[in-house]
Novice: 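Before I ask anything, let me first share the structure, which is written out below as structure tokens.
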Protein chains: 2
Amino acid sequence: MTETAVGPIRIVLADDERMVRTALRVILSAEPGLEVVGEAASGAEAVSVVRELRPDVVLMDVRMPEIDGIRATEQILRTLADPPRIVVVTTFENDSYVYEALRAGASGFLLKRADADSLVQAVRLVARSDSLLFPAAVRALAAEHGRAKPAPPAWVARLTSRESEVLRLMAAGLTNAEIAGRMGVGPATVKTHVASVLAKTGARDRTQAVIAAYEAGFMNTD
Amino acid sequence: MTETAVGPIRIVLADDERMVRTALRVILSAEPGLEVVGEAASGAEAVSVVRELRPDVVLMDVRMPEIDGIRATEQILRTLADPPRIVVVTTFENDSYVYEALRAGASGFLLKRADADSLVQAVRLVARSDSLLFPAAVRALAAEHGRAKPAPPAWVARLTSRESEVLRLMAAGLTNAEIAGRMGVGPATVKTHVASVLAKTGARDRTQAVIAAYEAGFMNTD
DNA sequence: ATCCGGGTCCGCCGCGCGGGGGAGGGGGCT
DNA sequence: AGCCCCCTCCCCCGCGCGGCGGACCCGGAT
């Protein structure tokens, strides 16, 4: 409502491939009310161009030299007052960057294979309302997802394959004898491995070792 | 691209408040290329109306009598071949229903306070491309979030306050003696509680009890 | 009034577990 | 050839733990 009256939607394109930028420019410029005011071929350039031109919308590729689209998005949203809406452009919709982009504050996503009309309307929609199709709840969800897996503790990598196996079975609630049976080795061997696991995890007993495994997200690594 | 040529976008409104339906109808009908073909005042009605009219887009309120919007969405997407895009209408954007709606397969969200232009463009956009602003990755994220906390097992509620306390300390890696000290009771008392916890959790030893606590999300309940 | 369940304690017993040490074999690195 | 790590297995010892039975107090339900 606010920007519709004051003039056209001002757009900056950030993509390292010239052809992509040209294609987008052609599509968007043909549309009344849309104006492509600048381009950038890298993340760093995107940040400075946006800082200078203050567009309403940025179409940001994820894979770019110097700084990728995610960090460029972060920098723009963090450093600018009244920042533009940022639409992230990806090739694959199950791209892992999607999470990070959401967390970084992207307002929308576009697939590179999207047709012209979708592109135009996505830009229009995003320029008007940031949270229309991306509720705060979704963003919170992404944030949660991100900070849920921060630290795979150092000791995980130090476990030998056998020790990992033993820890996994410990964390399944098996006794040493059961683990021995399951692994086809003697109980004494299992005890040795358990002792190593306790030492490496800094655990006092098997219970603490299991706790460490869970806290480390060790059980999710299936 | 496909539907634009073959005719107007056919819309069904599902909301238990007549005023909301009327308002939406007025806004959408005034727009060229959009046509409101039907209305429903409940989730159940929405399912049958959609099944009969086969619209392109459904605007679905979450809170409705009989069947809520979420389950109506599920039913529609599950039972119909070539189902319509469903846009969920919520009052608050951090509504917890957002997760479930995403998991149910909703293509977009609208706030009831959205302005007319946003509404129209959201409908247009969603009619054209389902996954444009909701990548598969986001949907997967919601699904993961959903099945992460489905079952707070029955035994959790059956624990007495003292037993919960003991289990929490067990899951912190403390020995019975340490728990006794921390709780200001005798070691024998702790042993009694531990025995109760083991019985209720179906655990064989404290390790399995701790596992049960983690699996039940018992440790997140801080 | 009785009963029941939660919380608090106490003993005894057996066993799985953890700590310590030793020993042999295989594979990789130098 | 050495060396070291990993895997394998053995002994003994001590203790925390889990299973059993019994006891008391108290508050609420019957």
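All values below were derived from every heavy atom in this structure, side-chain atoms included, with hydrogens, water molecules and symmetry-related copies excluded. All chains are named by letter (A, B, ...) in the order of the sequence lines, taking the proteins before the strands, and each is independently numbered beginning at 1.
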Novice: Could you tell me the separation between the CE atom of B:M170 and the C1' atom of D:dC17, rounded to a whole number of Å?
Specialist: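 Computing the B:M170:CE to D:dC17:C1' distance gives 12 Å.
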
Novice: Provide, to the nearest angstrom, the distance between the NZ atom belonging to A:K200 and the C1' atom belonging to D:dC6.
Specialist: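 Nearest whole value for this atom pair: 9 Å.
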
Novice: Does B:N176 put a side-chain nitrogen or oxygen below 4.0 Å from OP1 or OP2 of D:dC17?
Specialist: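 Affirmative; the distance criterion is met.
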
Novice: Got a sec: does the CZ of A:R182 have more than 12 other heavy atoms crowding it under 6.0 Å?
Specialist: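 Count not over threshold, so no.
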
Novice: Which nucleotide sits closest to the side chain of A:L198: C:dG18, D:dG19, D:dC9?
Specialist: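 Minimum distance to the A:L198 side chain belongs to C:dG18.
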
Novice: Any side-chain N or O of B:T189 less than 4.0 Å from the OP1 or OP2 oxygen of C:dG7?
Specialist: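 Checking B:T189 against C:dG7: no side-chain N or O falls below 4.0 Å of OP1 or OP2.
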
Novice: Between B:R71 and B:E74, is there a side-chain N and carboxylate O pair less than 4.0 Å apart?
Specialist: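 Salt bridge flag = no for B:E74 with B:R71.
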
Novice: What is the separation between atom CD on A:Q208 and atom P on C:dG18, rounded to the nearest whole Å?
Specialist: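 Atom CD in A:Q208 sits about 11 Å away from atom P in C:dG18.
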
Novice: Could you state the CD-C1' distance from B:E178 to D:dC15, rounded to the nearest angstrom?
Specialist: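 From B:E178 CD to D:dC15 C1': 14 Å.
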
Novice: Choose from D:dC17, C:dC10, D:dG18 the nucleotide whose nearest atom is closest to any side-chain atom of B:A188.
Specialist: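 Nearest to the side-chain atoms of B:A188, counting from C-beta on, is C:dC10.
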
Novice: Are any of B:S161's side-chain N or O atoms less than 4.0 Å away from OP1 or OP2 of C:dG7?
Specialist: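 Yes, within the criterion.
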
Novice: Measuring to OP1 and OP2 of D:dC7, would you say a side-chain N or O of A:T160 lies under 4.0 angstrom away?
Specialist: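 Result: yes.
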
Novice: Of all the nucleotides listed (D:dG19, C:dC9, C:dG18), which has the minimum atom distance to the side chain of B:K191?
Specialist: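 The nucleotide sitting nearest to the side chain is D:dG19.
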
Novice: Once you round it to whole Å, what is the distance between P of D:dG19 and CG of B:D205?
Specialist: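 Rounded to the whole Å, the gap is 9 Å.
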
Novice: Looking at B:K112 and B:D61, is there a salt bridge between them, counting it only when a charged N and a carboxylate O are closer than 4.0 Å?
Specialist: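 Judged by the 4.0 Å cut-off on N to carboxylate O distance, B:D61 and B:K112 do form a salt bridge.
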
Novice: Rounded to the Å, how far apart are A:L167 CG and D:dC7 C1'?
Specialist: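 Spelled out: CG on A:L167 to C1' on D:dC7 is 17 Å.
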
Novice: Can you see which heavy atom on B:L13 is nearest to which on B:I11, and at what distance?
Specialist: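 Between these two residues, the closest heavy atoms are CD2-CG2, 3.9 Å.
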
Novice: Quick one: is D:dT8 close enough that its OP1 or OP2 comes under 4.0 Å of any side-chain N or O from A:R162?
Specialist: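 Answer is yes, contact under 4.0 Å.
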
Novice: Starting at the 5' end of DNA chain D and moving along, which residue's nearest nucleotide shows up first, B:V194 or A:H193?
Specialist: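 Counting from the 5' end, the first nearest nucleotide belongs to A:H193.
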
Novice: What integer distance in Å separates A:L159:CG from D:dC7:P?
Specialist: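 After rounding, the gap between these two atoms is 10 Å.
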
Novice: What is the separation between atom CZ on A:R206 and atom P on D:dC17, rounded to the nearest whole Å?
Specialist: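 Taking CZ of A:R206 and P of D:dC17, I get 13 Å after rounding.
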
Novice: Does B:T192 make a side-chain donor-acceptor contact with the base of C:dC9, cut-off 3.5 Å?
Specialist: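 In this structure, the two groups form a donor-acceptor pair.
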
Novice: Looking only at non-hydrogen atoms, find the nearest pair between A:A171 and A:Y214 and report the distance.
Specialist: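 Minimum heavy-atom contact is O-OH, 3.9 Å.
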
Novice: Is B:R204 close enough to D:dG18 that one of its side-chain N or O atoms is under 4.0 Å from OP1 or OP2 there?
Specialist: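 So the side chain of B:R204 is outside the cut-off, no N or O lying under 4.0 Å from OP1 or OP2 of D:dG18.
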
